[in-house]
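Scroll down for the structure; my scribbles are underneath it.
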There are 2 protein chains.
Amino acid sequence: MKNHPPTPTPASLIEARYGKTHPFGAALPEFNKTLETLLAHRSVRSFMETPLPSGTLECLIAAAQSAPSSCNLQMWSVVAVEDSARKARLADYAGQQRHIKQAPALLIFLTDMAMLHETATAEKVSIDGIDYLDTFLMAAIDATLAAQNVATAAESMGFGTVYAGAIRNQPEDVVHELNLPLHVFPIFGLCIGYPDPERPAQIKPRLPQRAVLHHEQYSNHDTRQAIADYDVTMAAFYRAYREAGATWSKQSLARLRDPESLAGRDRLREAVLKQSILLK
Amino acid sequence: MKNHPPTPTPASLIEARYGKTHPFGAALPEFNKTLETLLAHRSVRSFMETPLPSGTLECLIAAAQSAPSSCNLQMWSVVAVEDSARKARLADYAGQQRHIKQAPALLIFLTDMAMLHETATAEKVSIDGIDYLDTFLMAAIDATLAAQNVATAAESMGFGTVYAGAIRNQPEDVVHELNLPLHVFPIFGLCIGYPDPERPAQIKPRLPQRAVLHHEQYSNHDTRQAIADYDVTMAAFYRAYREAGATWSKQSLARLRDPESLAGRDRLREAVLKQSILLK
């Protein structure tokens, strides 16, 4: 019982999210369960073996399809992977992340222009507009809106989730593993399962709200100070949970230092083009 | 009273989403308010004038920042526009969409690499890894995860929302209007306000689930039939709410016919590069 966390309140969730008390001046509006689910998010990387109960996946995908879609083009689809051997191979392609293998369900979200290409062929019309960067961006946005609905729905049902962008480290291997046709590209994974209660995840503090919320026009007059404040917050967070000496600035700049620090993703453009997704 | 819609049930929401009874065989899991909010989504394009109550925007952005972020890089920010004249100009740049002008709050979501560029300059390090397509995609995914949390949070509080991808029709004008610095790009807008009860929005049916959900590997053996079924569903939807003779296939293929049908977005790549966001 002593490890049982206290019931969160709106104020406690928002304070955890910013790593400080009263992070902004505004009074909070009335709370509801959905707000609580969203604000209580933390990425879960330790899962129980229990598979998703029957009907869960279909319900999650109905939530995904309820997300908005640009011009209703619905240029996304998803592969649900539950087979252990396949999850293990995909984990290998994605930086050997243990939780990808461990989660009972791994959803690989895809930008999917194959459905429209197939339709165009059947209707004998050309769709040259599909070959532009904007169309790939639309598809990626659609897939992401859908995925975030899955994550929110899953967390409201008591599951834990974590995204796996590392699916883009070796995209050709993922394309082969999932038998993806031309015009389809894997943009990220989403791991879903019951969280291991022995290894509870923490809410990660984010940048001060004043760094990301602008009014009427963009203003960066306070950005440096906001980031300096955040580095202090995150240094304390890393000390408690991970490593001493780290700050957000140092970690983020290291992640983007050079092409080698991208863990293979400097090749993304090449891999997208191989799928006949042009980026004009 | 006679126009008051019946209280939705899980089954009725899912049936509306697919435009048919019992759209898939699985039994539904236990419902909750968050699932109901997600499944009940419909894009609202008619708003009341009532502004967002004090504290609402801050709460919505706290929900946005609670969304996952790739490597915690947080490469997004947002401009909240409430000034009528500015909203009117932005609506002009975005295909003269009336609801952009009418909604009391318009959030323009930005991919934001300026914060990390500024940090790198201050720390005197180079971040050549930021110049790759994957980094722009990461930023776009982060911004979209954040935006969808705002949409879900807002809908849970009784607001209506609609995305405005048309913000990308004339991106340079939006960049100028919002005074965006280099390394920052507007990827879409999100309109928020109380829905006009006189003009209720409808749940739009989506593709059959079997077209978008694959198990273990991608399979397109049934896609053509699923799209044919959906064309029938959508023809009925369009007849009831918009125009006769339209199908999803026809409308979607027309939207992607050629560069001209992209309403300016064939220039996206050029506009992104102008912001010194490279796409190597």
Side-chain angles (χ1 to χ4, degrees), chain A residues 14 24 26-27 29 32-34 37-39 41 55-56 58-59 61-63 65-66 68 70-71 73-74 77 79-80 119-120 125 127-130 132-134 141 144-145 148-149 156 163 165 178-180 206-207 212-215 217-218 249 252-253 255-256 258 261-262 265-266 268-269, chain B residues 14 24 26-27 29 32-34 37-39 41 55-56 58-59 61-63 65-66 68 70-71 73-74 77 79-80 119-120 125 127-130 132-134 141 144-145 148-149 156 163 165 178-180 206-207 212-215 217-218 249 252-253 255-256 258 261-262 265-266 268-269:
Chain A
I14 287 186
F24 41 80
N32 64 53
K33 291 300 279 180
T34 303
T37 298
L38 295 170
L39 291 166
H41 167 76
T56 301
E58 289 82 356
C59 183
I61 300 303
Q65 292 189 268
S66 300
S70 307
C71 303
L73 293 178
Q74 304 175 65
S77 62
V79 181
T119 305
V125 299
I127 45 171
D128 296 340
I130 210 166
Y132 288 78
L133 176 64
D134 190 76
I141 289 170
T144 307
L145 295 171
Q148 185 59 2
N149 266 20
S156 81
Y163 281 90
L178 302 182
N179 197 29
L180 303 184
R206 299 287 192 217
L207 284 164
V212 306
L213 173 59
H214 307 274
H215 292 276
Q217 289 194 312
Y218 194 97
S249 292
S252 300
L253 298 177
R255 170 66 179 71
L256 297 170
D258 52 34
S261 64
L262 301 189
R265 297 198 221 167
D266 53 311
L268 184 78
R269 185 179 165 75
Chain B
I14 288 186
F24 41 80
N32 64 53
K33 290 300 280 181
T34 303
T37 298
L38 295 170
L39 291 167
H41 168 76
T56 301
E58 289 82 356
C59 183
I61 300 303
Q65 292 189 269
S66 299
S70 307
C71 302
L73 293 178
Q74 304 176 66
S77 62
V79 181
T119 305
V125 299
I127 45 170
D128 296 341
I130 211 166
Y132 287 79
L133 176 65
D134 189 76
I141 289 170
T144 307
L145 295 171
Q148 185 59 3
N149 266 19
S156 81
Y163 282 90
L178 302 182
N179 198 27
L180 303 184
R206 300 287 193 217
L207 284 164
V212 305
L213 173 60
H214 308 273
H215 292 276
Q217 289 195 310
Y218 194 97
S249 292
S252 300
L253 298 177
R255 170 66 179 71
L256 298 170
D258 51 35
S261 64
L262 301 188
R265 298 199 221 166
D266 52 311
L268 184 79
R269 185 178 164 75

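All values below were derived from every heavy atom in this structure, side-chain atoms included, with hydrogens, water molecules and symmetry-related copies excluded.
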Rounded to the nearest 0.5 angstrom, the CG-CD1 distance for B/L145 and A/I141 is 11.0 Å

B/L262 and A/G129 have their tightest heavy-atom pair at CD1-O, 3.5 Å

dist A/L178:CG -> B/Y218:OH (nearest 0.5 Å) comes out at 11.5 Å

Separation between CZ of A/R206 and CD1 of B/I61, rounded to the nearest 0.5 Å: 13.5 Å

Proximal component of A/S70, with respect to chain B [non-hydrogen, under 4.5 Å]: neither

Between the main-chain N or O of A/D134 and the side-chain N or O of B/R265, is there a donor-acceptor pair closer than 3.5 Å? no

Where on A/L73 is there a heavy atom nearer than 4.5 Å to chain B: the side chain, the backbone, both, or neither? both

With B/N32, which residues qualify under side-chain contact (heavy atoms from CB on, under 4.5 Å), at least two apart? A/S156, A/M157, B/T34, B/L35

Donor-acceptor under 3.5 Å (B/E58 side chain, A/F24 main chain): no

Atom pair CG (B/D266) and CG (A/L133), whose distance is rounded to the nearest 0.5 Å: 11.0 Å

Compare every heavy atom of A/P68 with every heavy atom of B/H41, then report the nearest pair and how far apart it is. NE2-CG, 3.5 Å

What part of A/S261 gets closer than 4.5 Å to chain B, counting heavy atoms only: side chain, backbone, both or neither? neither

A/T144 and B/Q148: side-chain contact (heavy atoms from CB on, under 4.5 Å), yes or no, with the steps? CA-CA 9 Å; A/T144 307; B/Q148 185 59 3; over 6 Å; no

Which residues pass the side-chain contact (heavy atoms from CB on, under 4.5 Å) test with B/A120, not counting sequence neighbours? A/L253, B/V125, B/I127

Given that the side chain runs from C-beta out, which part of A/R269 has a heavy atom under 4.5 Å from chain B: side chain, backbone, both or neither? both

Heavy-atom pairs under 4.5 Å with chain B, option from A/A63, A/A62, A/C71 with the top count: A/A62

At their closest point, which heavy atom of A/V79 faces which heavy atom of B/Q217, and how far apart are they? CG1-N, 3.8 Å

What distance separates B/N149 CG from A/L38 CG, expressed to the nearest 0.5 Å? 4.5 Å

Determine the minimum heavy-atom distance between A/G55 and B/P29, stating which atoms define it. O-CD, 3.7 Å

